[in-house]
Amino acid sequence: MTTYSDVKNNPQVLNFIKQTEGAMTALEYTNHGLRHAELVANRAKKVIKDLGLSKEEEELAAIAGFCHDMGNFMTRTYHHYYGALIFHQIFQDKFKPEEVSTIMQAIANHDKDEMNFTNAVSAVLVLADKSDVDRSRVTETDLEKVKKDIHDRINYATRESKIKVDKQKKRITLTLKIDTNFCPIIEYFEVFIERMTFCRKAAQFLGYDFGLVINKFRLL
Ligand SMILES: [Fe+2]
Ligand SMILES: [Fe+2]
């Protein structure tokens, strides 16, 4: 099987991610480049492992995580579909049909309204992606401009985001540390309520509850 390491070193994938990084910076979005790709891949891999799923699923989740946003350089609105299709174009002969379709489904599913889960890889990808809120995602360097943009403000105020699987309590918890001097917690909900709903759906598919802890307060 083609491995995560092969995909991570594929020149086409790396170039699409590089182009995406540029395109998102031009749109003044938070980081969707290599930093985000690697973080989501590693987080997805770890969640699969903590859930006690197979090595194969761990590898597929890492690959889907690394590639999930690489279609953004062509279109923001349909980046999930384009990402899945370009993944197929590069790797169609490198994976078994069921592996390539699992990765494509996970990529196409990660950012759409009619999101639904048919396998653990797609559910874990959503948890890994939607939980990436962090100061290091903010590409804007002018603090005054950061303060004016709600997405930048929330990311900038977030000092830590961790996702933990508790197999006994059957709960997947996202823990955040937010600097409330910089951004009130209500703003997090204003912007990320949809993301949290997606995470809850993903956790439910895996047979878990979704928990949210912000600054030591359990909110879900
Ligand atoms: Fe995305
Ligand atoms: Fe993403």
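Counting starts at 1 for both ligands and their atoms, following the listed order.
- Look at His79 and the Fe ion (ligand 1): an N/O/S atom of the residue is under 2.8 Å from the metal.
- With 3.5 Å as the limit, one finds a donor-acceptor pair spanning the side chains of Asp6 and Thr3.
- If you check the side chains of His79 and His110, you find a donor sitting under 3.5 Å from an acceptor.
- The aromatic rings of Phe192 and His151 sit perpendicular to each other, their planes meeting at more than 60°, with 30° as the lower class boundary.
- Taking backbone and side chain together, Asp69 holds an N, O or S atom under 2.8 Å from the Fe ion (ligand 1).
- Checking His68 against the Fe ion (ligand 1), every N/O/S atom stays at or beyond the 2.8 Å cut-off.
- Aromatic rings of Tyr78 and Tyr82 (six-membered ring for Trp) have centroids beyond the 6.0 Å cut-off, not under it.
- Because the distance cut-off is set at 2.8 Å, Asp129 qualifies as a neighbour of the Fe ion (ligand 2) through one of its N, O or S atoms.
- Classified by interplanar angle (parallel below 30°, tilted 30° to 60°, perpendicular above 60°), the ring pair Phe73/Phe16 is parallel.
- Within the coordination shell of the Fe ion (ligand 2), defined by N, O or S atoms under 2.8 Å, His36 is present.
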